[in-house]
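The chains referred to below are lettered A, B, ... by the order of the sequence lines, with proteins before strands, and numbering in each begins at 1. Because only heavy atoms are used, hydrogens play no part in the values below, and waters and symmetry mates are left out as well, while side chains stay in. Keep in mind the model is a prediction, meaning the values are calculated, not measured.
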Amino acid sequence: MSRYEPAQIEAKWQKAWDEAGVFKAVRDPARPKYYVLEMFPYPSGRIHMGHVRNYTMGDVVARTKKAQGYSVLHPMGWDAFGMPAENAAMERGGHPRDWTYGNIADMKMQMKPLGLSIDWSRELATCDPEYYGQQQAMFLDMYAAGLVYRKAAVVNWDPVDMTVLANEQVIDGRGWRSNALVERRELTQWFFRISDYSAELLAALDGLTEWPEKVRLMQANWIGQSRGLQFAFQTVGAPAGFDRLEVYTTRPDTLMGASFAAISPDHPLAKALETDPEVAAFIALCRKGGTSAEEIETAEKIGFDTGVRVRHPLDPAWELPVWIANFILMDYGTGAIFGCPAHDARDFEFATKYDLPIRPVFVAEGGTDAALTEPFVPMKSERVTYVRGFAGATVQTADEAIAAAIAHAEAHGYGRGVTNYRLRDWGISRQRYWGCPIPVVHCATCGVVPEKKENLPIELPYDVKFDVPGNPLDRHPTWRNCTCPACGAPARRETDTMDTFVDSSWYFARFTNPRASTPTVAEDAAYWMNVDQYIGGIEHAILHLLYSRFFARAMHKTGHLPAKAIEPFNALFTQGMVTHEIYKTTDANGRPVYHLPEEVIRTEAGARLKDGTAVEIIPSAKMSKSKKNVVDPMNIIAAFGADTARWFVMSDSPPERDVEWTAAGVEATFRHLSRVWALSARIAEMPRDFKGQGDDDLVRATHRAIHEVTQGIEGFAFNKAIAKLHEFTNTIHRAAASTPVMALAIRMLAKLMSPMTPHLAEEIWALHGGEGLCVNAAWPKADPAMLEDDSVTLPIQINGKRRGEITVPKAMAAAEVEKLALANEDVIKFLAGQTVRKLIVVPGRIVNVVV
RNA sequence: GCCCGCGUGGUGAAAUGGUAGACACAGGGGACUUAAAAUCCCCAGGCUGGCAACAGCCGUGCCGGUUCGAGCCCGGCCGCGGGCACCA
């Protein structure tokens, strides 16, 4: 008997699939289509176990759907723009384009041996001018449709390198290279009007029934719809033009507990007061640090009393101070609030720090109006007693009180109910080279002018250098020079490039016809859209998936997608991450340095580098390029074959959960596949006319396996499908049935395994006389009659504890079951004569005796 | 700080509110072998008692609740992870 040698059989069958063109996606109106897509990778140059897990999941779905008769689209591409290419150019020299395309070639070479059922003829990279030129065309259409505009927005500014930093490049408030303290600085930037779609993007979440509930919840919270009151304070002592201060509050019921008003450092009133050097100094202090919400919200809360006062809307004699506070965001509401310290943790902290009054508005139902030592913030659905209410009942919930307060304000004309959203417009400007150029020009006479479509693509120049920080497009000697599309005068090209999230917001649509000379082609988009199953990491739950939902709407509005595709992903599955230890040392300046697993030598005493340096181990963290805790699957494929790697990543852990990569178990997978191989060979050698025993049992087991494995795959429970395949393998192994029954069982085992281990499946399929290629064979259907058992074993509980069991015909009436249960020896023993108070019989499930 | 998850044997895990630990890994015992590897067979949550078959009790991060019955539902904690708009 020959050995299981994956290196031979895998290459053989991959060639056979290629020659038969089995994975080519064909628009076939006669068949239902199925579009399965995994989130495309960033071309880092090396695939890791996370990729293998992600693509194998998609491949299992694609191969199963193909066998079930669908016309399948399963493409692959590269999310190829982004910072790492520029960083590589800065660190090692070379060019981002060469680095990126080199990485793509390397990664493709590593992916091919996995035997994925991908239509490689549709491959694309977002850095191909063929791709980003179409993206520029859509930008122009969106500009014409009023979905694009410019405004000032803050960026992280490194004052030493004189460059904009990504949040990732700001470490503890300092630039990662210069170590300079980062500041927030305003620049004019390009934006997409995603906030116009806030209400629609929120409402449409309800229709995404095949998305994980947690993702829908995260998106809903991100969009952040709130109902509140907007009103204006009359100001006292404010500069000219600021006699009113508009504020927005979600808690108008706490108006009588107001003790101050606060404005953002970016508020127009704050800017107007900046003539005062003290105010200017305070605002400068607020601008220190990065732009990330995490940094802003965890920063110490500081404030400055402007001296301006406002009149309380319900009592003009009551004046409140106006403070500038660093935690008020200009982007949300009106950039101004009133603070009610008694019922808000942040306001409480602020009031305590600056000695502002803290007056309760409501107390616990039946409680007393006493001084607070901590903020009182019950659920809004809880009934409380309003001691300083002004609208609605004395005892009511906050929800009721808020509605009453809005009604009161509208009736008395001092404010109005407003629905607000937290979602901000999407800033797409990046002051970087390696991205899609924004196709507009700046003309001295015409201003900002969109490029003409016939001039697209606006290609990135190749002759750039990364020897100094900043955007090479900005200092390129000639690239910026162009003529104004409107007046023909000399003009300047926009040097900002697009956020890479734009690239990934429509690649799924481009895959429906990746070579077209328009962004999409109507017939292809109509046939292939939507993506039936999208698979990717939970880390994309908010930004990528929300931007894509917006972009699909924008594409529909500009005529690039049909109406049915405005929600582009019918079903979403978020796989868990592959985690791994991180290996860290520290450089001479005390900065962390990370090391690849293969650079680290692990012993029982600890971990060291080859030169003996001790390595700190940080357990179980997300695999990331920057932390270098990635595992190279190529070694596993070389040693054990792709089928082993594929089977291993699908077994054991449920696909939605994180899995900690460990080398242990891969060998066990290989041994299991070898056993299947040997079992297949043994059956092939059985005499054709061998009459065995238990034919009927094995046939039934085969049908049960078909049923259970299919359920496992269709329910995204690949680990359970594999457990059932283990059981079925053991059953065949132990069986001594007649040759044709054994051969059928092993052939069905091969077909059921084929989504996970397609090469081994082909080999077994061919050996046992399967017709054609296994990959083209129809998915088997279980005969329901073969799945029925005529008897069932019921556990008997006494007071919820299992005390015995009975086996009864499946259809037995509950009354009969009761009698049998009470006559059971164990039951009689445990009851010991006690009276039965209640008897619960759940047919086919359980009997519970209550005494 | 805010939003969202997750937590079950030595390990990965399974379990429409109904027999907790299927299926595997690591481990132990045995067969085969001069020996080892490979292969095959068997055992296996913890504690207590028993030579044993077995019996009893405990057990799903912690505390409380709902229920005839809770790993699963509800409330409150603890720990770990993801996201927080310029990482992709």
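- For B:C2, the base has no donor-acceptor partner in the side chain of A:Glu297 [N/O atoms by modelled type, under 3.5 angstrom].
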Evaluate the ring-ring contact (aromatic ring centres under 6.0 Å, His included) criterion for residues A:Phe350 and A:Phe327: first the C-alpha distance (whole Å), next the side-chain angles of each, then the deciding distance (0.1 Å), finally the verdict. CA-CA 10 Å; A:Phe350 192 78; A:Phe327 57 90; 5.4 Å; yes
Just the table, please: protein N/O against nucleotides 65-67 of chain B N/O, every pair under 3.5 Å.
none

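- In this pair, A:Trp426 and A:Phe192 present their aromatic rings perpendicular. The plane angle is above 60°, beyond the 30 to 60° band.
- A:Lys353 pairs by the side-chain hydrogen bond (donor to acceptor under 3.5 Å, both in side chains) definition with A:Glu300, not counting sequence neighbours.
- Partners of A:Asp266 by salt bridge (charged side-chain N to carboxylate O under 4.0 Å, His left out), not counting sequence neighbours, listed by chain and number: A:Arg287.
- Residue contacts shown for A:Gln189 include a base, since a base heavy atom lies under 4.0 Å away.
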What does the list of N/O pairs under 3.5 Å between the protein and nucleotides 3-6 of chain B look like, with a distance for each?
| from | atom 1 | to | atom 2 | distance (Å) |
| --- | --- | --- | --- | --- |
| B:C3 | O3' | A:Asn221 | ND2 | 2.7 |
| B:C3 | O2' | A:Asn221 | ND2 | 2.8 |

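- Scanning for side-chain hydrogen bond (donor to acceptor under 3.5 Å, both in side chains) contacts around A:Asp474 gives A:Thr495, with sequence neighbours left out.
- Between the C1' atom of B:G83 and the CD1 atom of A:Ile538 lies a distance of 9 Å, rounded to the nearest Å.
- Among the protein residues, A:Ala541 comes within range of no part of the nucleic acid, since none of its heavy atoms lies under 4.0 Å from any strand.
- In this structure, A:Phe348 places its CZ atom 17 Å from P of B:G1, rounding to the nearest Å.
- Residues meeting the salt bridge (charged side-chain N to carboxylate O under 4.0 Å, His left out) test with A:Arg383, sequence neighbours left out: A:Glu365.
- Here A:Phe501 lies in heavy-atom contact (under 4.0 Å) with a base.
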When you compare the protein's N or O atoms with those of nucleotides 37-47 of chain B, which come within less than 3.5 Å of each other, and at what distance?
none

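- Look at the C1' atom in both B:U8 and B:A13: the space between them is 9 Å, to the nearest Å.
- For residues 215-225 of chain A, every residue pair satisfying the salt bridge (charged side-chain N to carboxylate O under 4.0 Å, His left out) rule, not counting sequence neighbours, is listed here: A:Glu213-A:Arg216.
- B:A26 sits 15 Å from B:C43 when the C1' atoms are compared, rounded to a whole Å.
- B:G71 and B:G9 have their P atoms separated by 14 Å, given to the nearest Å.
- The CG-C1' distance, from A:Asn167 to B:G83, rounds to 13 Å in whole Å.
- Taking atom C1' in both B:G7 and B:U16, the straight-line distance is 23 Å, to the nearest Å.
- As a whole-Å value, the separation of A:Glu213 CD from B:G82 P is 23 Å.
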Secondary-structure string, 5' to 3', Watson-Crick or G-U under 3.5 Å, | for another-strand partners, for RNA chain B: (((((((..(((.....[....))).(((((.......))))).(((((....)))))..(((((..]....))))))))))))....
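- Regarding A:Glu539, its CD atom lies at a distance of 7 Å from the P atom of B:G83, rounded to whole Å.
- Across all strands shown, A:Ser429 has heavy atoms under 4.0 Å from base atoms, whether or not it also approaches the sugar-phosphate.
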Just do the ring-ring contact (aromatic ring centres under 6.0 Å, His included) check on A:Phe573 and A:Tyr534 with the steps written out, would you? CA-CA 6 Å; A:Phe573 186 86; A:Tyr534 196 32; over 10 Å; no
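- For the pair A:Leu545 CG and B:A85 C1', the computed distance is 14 Å after rounding to whole Å.
- Nearer to the 5' terminus of RNA chain B, by closest-nucleotide assignment, is the contact made by A:Ile840 (compared with the other of A:Pro43 and A:Ile840).
- Using a 4.0 Å heavy-atom distance criterion, A:Arg803 is classed as a sugar-phosphate-only contact.
- A:Val164 comes within 4.0 angstrom of a base, heavy atoms only.
- As a whole-Å value, the separation of A:Phe350 CZ from B:G1 C1' is 16 Å.
- The distance from atom CD of A:Glu183 to atom CG of A:Asp158, rounded to the nearest 0.5 Å, is 9.0 Å.
- For B:A88, one of the phosphate oxygens OP1 or OP2 lies less than 4.0 angstrom from a side-chain nitrogen or oxygen of A:Thr500.
- Here A:Gly537 lies out of heavy-atom contact (under 4.0 Å) with every strand.
- Between the CE atom of A:Met107 and the C1' atom of B:A88 there is a distance of 12 Å, rounded to whole Å.
- Heavy atoms of A:Gln431 sit under 4.0 angstrom from at least one base atom.
- With sequence neighbours left out, A:Glu186 forms a salt bridge (charged side-chain N to carboxylate O under 4.0 Å, His left out) with A:Lys271.
- One P atom belongs to B:U60, the other to B:U11, and the distance between them is 15 Å to the nearest Å.
- Comparing B:C23 with B:A15, their C1' atoms are spaced 12 Å from each other, to the whole Å.
- Rounded to whole Å, the separation between the P atoms of B:U66 and B:G79 comes to 28 Å.
- The salt bridge (charged side-chain N to carboxylate O under 4.0 Å, His left out) test applied to A:Arg251 returns A:Asp253, not counting sequence neighbours.
- For the pair A:Ser651 and B:A24, the criterion of a side-chain N or O lying under 4.0 Å from OP1 or OP2 is not met.
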Restricting to nitrogen or oxygen on both sides, can you table the protein-nucleotides 19-22 of chain B pairs closer than 3.5 Å?
| from | atom 1 | to | atom 2 | distance (Å) |
| --- | --- | --- | --- | --- |
| B:U19 | O2 | A:Arg802 | NE | 2.7 |
| B:U19 | O2 | A:Arg802 | NH2 | 3.2 |
| B:A22 | O2' | A:Glu727 | OE2 | 3.1 |

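- For the C1' atom pair drawn from B:A20 and B:A31, the interatomic distance equals 34 Å after rounding to whole Å.
- At the heavy-atom level, A:Pro654 lies under 4.0 Å from the strands shown only through sugar-phosphate atoms.
- Residues A:Ile683 and A:Leu679 have side chains in contact (heavy-atom distance under 4.5 Å, counting atoms from C-beta outward).
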